[in-house]
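Okay, so here's the structure we're looking at.
Below, read A as the first sequence line, B as the second, and so on, with proteins coming before strands; counting in each chain starts at 1.
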Amino acid sequence: MSVAFTEVRHLKSRVGEEVALRGWVRNVRTSKTRFIDLRDGSGFVQCVVGAAEADPASYETAGQLTQECAIALTGLVQTHPKTGEPEILVKTLQLLAGSVDFPITPKDHGIEFLMENRTLWLRSKRQWAIIRIRHTISKAIRDFFDEDGFTLLDAPILTPSACEGTSTLFSTDYFHEGVAFLSQSGQLYQEPGVPAFGKTYCFGPTFRAEKSKTRRHLTEFWMVEPEMAFAGLEDVMQLGERMVKFILARVLTDRVEELKILERDVAPLEAALNLGFARMSYTESVAKLKELGSDINWGEDFGNDDETILMNAMDRPLWVHRFPKSFKAFYMEYDRENPDLAMGADLLAPEGYGEVIGGGERAIDMQYLLDQIKHHGLDQKDYEWYLDVRRFGGVQHAGFGMGLERAVAWICKLPHVRETIPYPRMMGTLRP
RNA sequence: UCCGGUGUAGCUCAGUUGGUCAGAGCGCCUGACUGUUAAUCAGGAUGUCGGGAGUUCAAAUCUCUCCACCGGAGCCA
């Protein structure tokens with residue numbers, strides 16, 4: 001006999017009806033009446049097992065449930081007398097699978113312990129909320145570019161050379177080639193897509209072998225990288241702003257429950273959604289930072305604390321544009337009005353979060369690019385295919401990359417990106 | 001890689017003039033309790049004090065060393 005099981009997320013519309021549920025026991029509180037916190041992946045619900053209402057065997061079983069055992073039950077959907085949320089008045093209850101000594105108890109745990117038990121940690125309410133928001137952001141990104149006429153152009157993960165020549169890369173054996181590197185960016189592979197498709201993007205994992213241990217770094221992280229033909233710096237900033245607002249609107253609409261679980265104050269997110277993003281040139285931002293007490297000098301890149309200082313003072317995301325060319329990638333276009341500046345822009349998230357987007361206009365002048373390649377110590381041979389973008393109809397084009405985990409961290413207001421991805425990879429963290 | 005910190009029960013932690021310092025709370029087990037929601041209350045079991053070496057009559061405590069992790073820096077998304 002097959003039973004139609006109801007998902008917890010649908011219970012709101014089933015009040016007064018009898019339903020069958022199955023899921024995992026988060027916690028049990030026993031008094032004469034027994035209370036089970038049930039989770040089925042789609043949501044959470046309290047199930048009440050009363051001596052009068054439940055059948056005797058089920059009532060007995062309810063007293064012996066352990067944390068994270070799996071159960072199936074039937075009962076009446078009613079409204080919680082205090083919270084107004086749907087709850088189940090249980091009639092029958094059956095143990096499906098036992099669970100002994102689940103390590104993550106309903107009390108506080110240290111981050112080391114939780115990271116070691118990441119697979120089990122994912123069952124917790126907070127992690128559930130974060131991963132669901134990540135999912136929604138990810139989906140929103142794809143929907144945004146899809147609706148905007150971009151073509152998905154998947155970039156390779158195994159690459160022959162250090163694309164940007166800046167970061168430390170992971171390497172692996174690769175047949176006769178000897179060695180291959182894990183991609184640190186799909187951008188160079190997007191640019192050749194521009195003459196083919198006009199507007200492209202890639203969205204996948206990227207890898208950096210930097211030995212950095214901060215709240216903003218993973219060795220494996222997801223990045224979305226759009227690229228547009230006939231576009232410049234202004235277009236990058238407009239596209240990025242529209243995309244971020246699209247994401248925010250989606251999360252604020254579809255993930256209300258999850259934001260509540262995280263106790264996320266949505267006012268700053270609503271502000272970011274409704275206000276125009278701020279803009280500041282690099283030169284202006286350095287002056288602002290000095291005002292705020294930073295010891296930064298013109299010509300230096302922002303330190304981690306510089307971004308934090310700057311963004312604690314902002315009520316909305318900020319575009320910082322036109323950086324000194326010296327610390328930007330070789331492919332960055334220079335400013336015709338000031339050749340020392342690169343036509344790049346970074347989007348910094350408010351509330352102390354820093355860079356989530358980095359992008360800009362790509363250099364199209366062949367001789368300039370060749371000089372840049374030389375200047376950065378790169379081998380021209382490795383970039384002939386990239387230079388072809390300029391040789392054959394090389395028009396102005398631009399794009400950006402957004403780190404998914406940093407966006408998730410900001411939107412969820414998390415202290416560290418390690419919770420924004422199901423299985424974080426960091427220096428010193430390779431398992432589970 | 002550098003700087004700083006931590007490591008004691010399954011978990012979170014307390015525990016130095018070196019000498020009843022092997023402890024608490026939670027979790028777990030037993031029982032009580034008419035709706036609880038990190039339920040509560042009573043009772044019970046639980047240890048390579050991160051590893052190794054050293055000082056000492058005596059080390060969780062002091063020294064050296066190694067390891068692991070946390071926080072920060074640089075670099076970046």
Side-chain angles (χ1 to χ4, degrees), chain A residues 26-38 44-53 62-64 66-68 78-83 85 87 89 99-117 120-121 124-126 164 166-169 183-187 203 205-225 240 300-308 327-329 344 346-349 353-359 400-410 415-418 420-421 426-429:
Chain A
R26 299 185 60 237
N27 194 18
V28 190
R29 293 173 293 280
T30 60
S31 60
K32 187 169 181 183
T33 307
R34 284 149 189 181
F35 301 90
I36 302 165
D37 290 336
L38 188 74
F44 304 86
V45 66
Q46 171 167 277
C47 304
V48 184
V49 188
E53 297 86 359
Q64 289 162 6
T66 55
Q67 194 188 350
E68 291 303 321
Q78 61 183 23
T79 302
H80 192 294
K82 289 177 191 166
T83 66
E85 293 292 309
E87 68 169 15
L89 188 60
S99 165
V100 179
D101 293 335
F102 189 73
I104 303 176
T105 61
K107 294 286 174 178
D108 288 336
H109 298 280
I111 188 65
E112 181 182 358
F113 180 76
L114 291 170
M115 287 297 295
E116 278 169 9
N117 291 282
L120 303 177
W121 190 21
S124 75
K125 212 167 186 172
R126 188 179 162 79
E164 304 187 16
T166 50
S167 303
T168 317
L169 304 183
S183 173
Q184 60 168 333
S185 163
Q187 186 223 307
F203 188 13
T206 47
F207 307 86
R208 307 259 167 108
E210 307 277 353
K211 292 187 175 178
S212 43
K213 290 172 61 174
T214 80
R215 67 187 65 199
R216 298 176 182 183
H217 287 86
L218 298 167
T219 52
E220 177 181 319
F221 64 98
W222 284 64
M223 188 154 64
V224 57
E225 294 172 285
E300 294 168 1
D301 204 353
F302 292 169
N304 225 331
D305 55 337
D306 290 323
E307 287 188 5
T308 305
F327 57 75
K328 286 292 172 182
D346 288 355
L347 185 71
L348 309 186
Y353 289 84
E355 182 176 355
V356 291
I357 290 180
F400 65 78
M402 181 178 80
L404 176 64
E405 287 73 18
R406 288 191 178 175
V408 176
W410 166 47
H416 199 298
V417 290
R418 66 185 156 217
T420 64
I421 185 168
M426 299 175 291
M427 184 180 141
T429 303

Any strand counts, and the cut-off is 3.5 Å on both contacts for Watson-Crick or G-U wobble. Which nucleotide pairs with [N]?
N: B/U12; answer: B/A24
N: B/U6; answer: B/A68
N: B/A42; answer: B/U30
N: B/U1; answer: B/A73
N: B/A60; answer: none

Output the rounded distance in Å from [atom1] ([X]) to [atom2] ([N]).
X: A/K211; N: B/G74; atom1: NZ; atom2: P; answer: 18 Å
X: A/L218; N: B/C75; atom1: CG; atom2: C1'; answer: 14 Å
X: A/R29; N: B/A39; atom1: CZ; atom2: P; answer: 5 Å
X: A/E210; N: B/C2; atom1: CD; atom2: P; answer: 16 Å
X: A/E87; N: B/U36; atom1: CD; atom2: C1'; answer: 10 Å
X: A/K213; N: B/A73; atom1: NZ; atom2: C1'; answer: 11 Å
X: A/N304; N: B/G71; atom1: CG; atom2: P; answer: 13 Å
X: A/Q187; N: B/A77; atom1: CD; atom2: P; answer: 10 Å

Problem set entry | Given RNA chain B, 5'-ward residue of the pair A/K328 and A/R34, judged by closest heavy atom | A/R34

Exercise. Relative to the 5' end of RNA chain B, which residue comes earlier, A/R418 or A/E355, by the nucleotide with the nearest heavy atom?
Worked result: A/R418

Exercise. What integer number of Å spans the C1' atoms of B/U8 and B/A22?
Worked result: 9 Å

Exercise. Using centres under 5.5 Å plus planes under 30 degrees as the test, is A/F35 stacked with B/G35?
Worked result: no

For this session: Apply salt bridge (charged side-chain N to carboxylate O under 4.0 Å, His left out) to A/R26 and list each qualifying residue two or more places apart in sequence or on a separate chain.
Result: none

For this session: Kindly point out which of B/U36, B/G74, B/C76 is positioned nearest to the side chain of A/R208?
Result: B/C76

For this session: Mind checking side-chain hydrogen bond (donor to acceptor under 3.5 Å, both in side chains) for A/N304 and listing every partner two or more places apart, or none if nothing turns up?
Result: A/R216

For this session: Only counting residues at least two apart or in another chain, list the ones meeting side-chain hydrogen bond (donor to acceptor under 3.5 Å, both in side chains) with A/T66.
Result: none

For this session: Using side-chain contact (heavy atoms from CB on, under 4.5 Å) as the criterion, list what pairs up with A/Q64, not counting sequence neighbours.
Result: A/E60

Problem set entry | For the student: nearest non-hydrogen atoms of A/D346 and A/G358, plus distance | OD1-CA, 3.3 Å

Exercise. Will you find, in the side chains of A/Q67 and A/T105, an N or O donor that is under 3.5 Å from an N or O acceptor?
Worked result: no

For this session: Just jot down the ring pair (Phe, Tyr, Trp, His ring centres under 6.0 Å) partners of A/F400, sequence neighbours excluded, or say none.
Result: none

For this session: Examine the base of B/C75 for any acceptor or donor lying under 3.5 Å from a partner atom in the side chain of A/R216, and report the outcome as yes or no.
Result: no

Pairwise N/O distances under 3.5 Å, protein to nucleotides 7-13 of chain B:
residue: B/C11; atom: O2'; partner: A/D108; partner atom: O; Å: 3.2
residue: B/C11; atom: O2'; partner: A/H109; partner atom: ND1; Å: 2.6
residue: B/U12; atom: OP1; partner: A/G110; partner atom: N; Å: 2.8

